[in-house]
Amino acid sequence: MIKNQWYVVLDSKELKKNKLTGVTRFSDKLVFWRDENNDAHCIFDKCCHRGASLRAGKVIDYHVACPFHGFQYDSSGNVTCIPANGKNAKVSDNYKVNAYLVREAYGFIWLWYSDERKNIPEIPYFEDLKEGFSYGGFSETWAVHYTRAIENQLDVVHLPFVHTSTIGKGDKTLVNGPVVKWEDNLMTFYVKNQKDNGHKSRKSQTK
Ligand code: FES
């Protein structure tokens with residue numbers, strides 16, 4: 001991943017109050033939760049004590065409590081309480097896990113993928129969508145690396161060869177798309193592969 005960027009990591013709706021949400025992002029196991037102001041937070045999902053997965057714990061006083069021996073973490077990843085030592089005992093600064101900066105905007109939870117904490121840019125978003133257009137999210141887990149998934153979505157050439165009985169049926173090997181249209185505030189995207197009757201694709205005619 002490219003460092004020093006904002007990334008959408010969750011739909012806002014996926015993050016509930018008083019519940020931990022554990023997900024893998026950037027190959028790291030992370031745990032998210034909300035504080036008393038409903039602000040989102042994120043720390044690494046591995047307790048600094050004996051390595052337990054924090055997502056199996058719970059939220060106590062808006063802190064993450066480890067399920068194994070009850071260590072409690074704040075939004076900076078610092079342990080604020082070791083129950084075995086007493087809830088008012090001071091905790092050494094050595095007890096901590098990494099934390100990411102997260103923000104909520106436009107219906108999503110965004111993560112600042114960087115160690116840099118100064119001069120953080122605005123969260124980028126589509127100007128058109130900022131102006132009141134409605135939109136929704138959809139999520140699905142594929143058992144592939146994300147680069148393969150993106151590449152696959154952009155590659156319409158393989159459809160008549162690989163997906164012969166579904167989205168690639170009809171032997172439409174000539175590629176005149178994909179086409180993106182923006183008309184009357186409606187965006188349409190379609191593949192536009194065609195049967196090869198001896199004519200050339202639009203792209204090959206321009207050469
Ligand atoms: S493993 Fe988390 S408190 Fe012990």
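All values below come from the heavy atoms of this structure, side chains included, with hydrogens, waters and symmetry mates left out. When a ligand or atom number is given, it counts from 1 through the structure's own listing order.
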heavy-atom search around atom 4 (Fe) of ligand 1 in the protein gives H69 ND1, 2.0 Å

Tell me: protein heavy atom nearest atom 1 (S) of ligand 1, and distance? R50 N, 3.3 Å

Mark up the atoms of ligand 1 that fall under 4.0 Å of a heavy atom belonging to F71, in ascending order. 3 (S)

In this structure, SG of C48 is separated from CG of L54 (nearest 0.5 Å) by 8.5 Å

Roughly how far apart are W6 CH2 and I120 CD1, rounded to 0.5 Å? 6.0 Å

Under a 4.0 angstrom heavy-atom cut-off, which atoms of ligand 1 come close to A52? 1 (S)

Does any N, O or S atom of C47, backbone or side chain, fall under 2.8 Å from atom 4 (Fe) of ligand 1? no

Hey, do the aromatic rings of Y73 and H63 have their centres closer than 6.0 Å? no

Can you label the angle between the Y113 ring and the Y100 ring as parallel, tilted or perpendicular, going by 30° and 60°? tilted

If I take every N, O or S atom of C66, is at least one of them less than 2.8 Å from atom 4 (Fe) of ligand 1? no

Interatomic distance, K46 atom NZ to R55 atom CZ [nearest 0.5 angstrom]: 13.0 Å

Identify, by name, the N, O or S atom of H49 lying closest to atom 4 (Fe) of ligand 1. ND1

When you check the gap from the basic side-chain N to the acidic O, do K3 and E116 get nearer than 4.0 Å? no

